[in-house]
Amino acid sequence: MLKVGLLGAGRIGAVHAKAISRHPQSQLVAVSDYYDDAARKLALEFGAEARSTDAIIADTSVDAVLIATSTDTHSDLIEAATAAGKAVLCEKPVDLSLERAKACQAKVAETGKPVMIGFNRRFDPNFNALKQAVLAGEIGKPELLSITSFDPAPPPVSYVKVSGGLFRDMMIHDFDMANFIMDDLPVSISAIGSSIVDPEIGAAGDIDTAAVTLTYADGRIAVIKNSRRAAYGYDQRVELLGSEGLLQAQNMLENTVVKSTVDGVTGAKPTYFFLERYMPAYEAEWSAFVDAVTTNAPFPVTLDDGVSALAMAEAAARSLETGQPTKL
Ligand SMILES: NC(=O)c1ccc[n+]([C@@H]2O[C@H](COP(=O)([O-])OP(=O)(O)OC[C@H]3O[C@@H](n4cnc5c(N)ncnc54)[C@H](O)[C@@H]3O)[C@@H](O)[C@H]2O)c1
């Protein structure tokens, strides 16, 4: 039984607490948060103790920590937890700054302790099935990837201000998805973006709408579209054109009822947001972490993957700023 400490009792911390508690080989023993009340409430719900972050990291009976704190704390906590010998699963992104993330990567390499990064979408059953079909050669050679990722509604501007911006906070998932499906890193990134959903996001120096093109050394192309708003719900789709066919992973819907009448044909909306859409993926992610730790196997998503995606986010931000493609 893996004894687990959860750092951060916010939105995603609550999701992970559920996944940890549901897994038969892990036990949530402690929860920390800057806000004591948040830690106490979540700990109480899952039969754990509320403790300080430092106390959890220092406790030798804690085998693993899950870092679900605000992004600007990730590198520091990864370094502290690996130095204390813990197995670590850390939420994306690794850091707000690529330079800091690379320093963290170097420090962690010295400890020899692997770290898993929370790119949960790799564990989504639909995207995973698409990946398996690619690996099985079912559509020949992948050529053109298209990723659509629209949130139902923008986050509060207070979140936007500390998020690192759309590329580091939101599109980072799609950069990792492109790396996962294409099994390669692009050589060049071109970005366009604007703030047309919420003027306050623009006033805070961020964008809420973006399109990014990735070019690969062998000529393959990926296109990523992000918006902070989709009136009909959380839109998460992947389409891949290959030399011998097309693969499409569609949205999960609230239900599968389709109504056909003289007025037309209608169906349900996509599930509302990430908590609903990706709960099976968060559970599969946690299960993969537990499997790797308990069998001493390599993590399926690594700190290097986290740094690669962050490098792509910084390249996209530079392209947006300069109006030119950024070479990687
Ligand atoms: N993989 C995903 O789908 C996904 C979804 C949402 C958020 N995230 C990531 O998870 C992280 C948290 O996001 P959130 O939406 O839950 O934010 P949140 O603000 O709801 O929660 C973060 C919590 O961490 C606490 N905290 C900050 N520093 C701490 C420290 N040193 N020790 C203990 N607690 C600390 C804050 O008080 C806050 O309660 C972010 O990095 C975000 O990018 C990932």
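Note that ligands are numbered from 1 as they come in the structure, with each ligand's atoms numbered from 1 the same way. Scope of the values below: all heavy atoms of this structure, side chains included, with no hydrogens, waters or symmetry mates.
The shortest side-chain heavy-atom distance between R277 and P270 does not fall under the 4.5 Å cut-off. Contact of the K92 side chain with the F175 side chain is not registered, since no non-hydrogen atoms from C-beta on lie closer than 4.5 Å.
Hydrophobic side-chain contacts under 4.5 Å tie F150 into a cluster, directly or through other members, with Y232.
By the 4.0 Å N-to-carboxylate-O rule, K225 lies too far from D174 to be salt-bridged with it.
By the ring-ring contact (aromatic ring centres under 6.0 Å, His included) test, F299 pairs with F289, sequence neighbours left out.
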Hey, what polar pairs (N/O, under 3.5 Å) does ligand 1 make with protein?
{"unit_1": "ligand 1", "atom_1": "1 (N)", "unit_2": "E91", "atom_2": "OE1", "d": "2.9"}
{"unit_1": "ligand 1", "atom_1": "1 (N)", "unit_2": "E91", "atom_2": "OE2", "d": "3.4"}
{"unit_1": "ligand 1", "atom_1": "1 (N)", "unit_2": "N120", "atom_2": "OD1", "d": "3.1"}
{"unit_1": "ligand 1", "atom_1": "3 (O)", "unit_2": "N120", "atom_2": "OD1", "d": "3.4"}
{"unit_1": "ligand 1", "atom_1": "3 (O)", "unit_2": "Y282", "atom_2": "OH", "d": "2.6"}
{"unit_1": "ligand 1", "atom_1": "15 (O)", "unit_2": "R11", "atom_2": "NE", "d": "2.8"}
{"unit_1": "ligand 1", "atom_1": "15 (O)", "unit_2": "R11", "atom_2": "NH2", "d": "3.0"}
{"unit_1": "ligand 1", "atom_1": "16 (O)", "unit_2": "R11", "atom_2": "N", "d": "3.2"}
{"unit_1": "ligand 1", "atom_1": "16 (O)", "unit_2": "I12", "atom_2": "N", "d": "2.9"}
{"unit_1": "ligand 1", "atom_1": "20 (O)", "unit_2": "R11", "atom_2": "N", "d": "3.0"}
{"unit_1": "ligand 1", "atom_1": "32 (N)", "unit_2": "T53", "atom_2": "OG1", "d": "2.7"}
{"unit_1": "ligand 1", "atom_1": "34 (N)", "unit_2": "Y34", "atom_2": "N", "d": "3.3"}
{"unit_1": "ligand 1", "atom_1": "37 (O)", "unit_2": "D33", "atom_2": "OD1", "d": "2.6"}
{"unit_1": "ligand 1", "atom_1": "39 (O)", "unit_2": "D33", "atom_2": "OD1", "d": "3.1"}
{"unit_1": "ligand 1", "atom_1": "39 (O)", "unit_2": "D33", "atom_2": "OD2", "d": "2.7"}
{"unit_1": "ligand 1", "atom_1": "41 (O)", "unit_2": "T71", "atom_2": "OG1", "d": "2.7"}
{"unit_1": "ligand 1", "atom_1": "41 (O)", "unit_2": "H74", "atom_2": "NE2", "d": "3.3"}
{"unit_1": "ligand 1", "atom_1": "41 (O)", "unit_2": "K92", "atom_2": "O", "d": "3.2"}
{"unit_1": "ligand 1", "atom_1": "43 (O)", "unit_2": "K92", "atom_2": "O", "d": "3.0"}
{"unit_1": "ligand 1", "atom_1": "43 (O)", "unit_2": "K92", "atom_2": "NZ", "d": "2.9"}

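Within the structure, salt bridge (charged side-chain N to carboxylate O under 4.0 Å, His left out) pairs that include any residue of residues 12-36 comprise R22-E283 (at least two apart or interchain).
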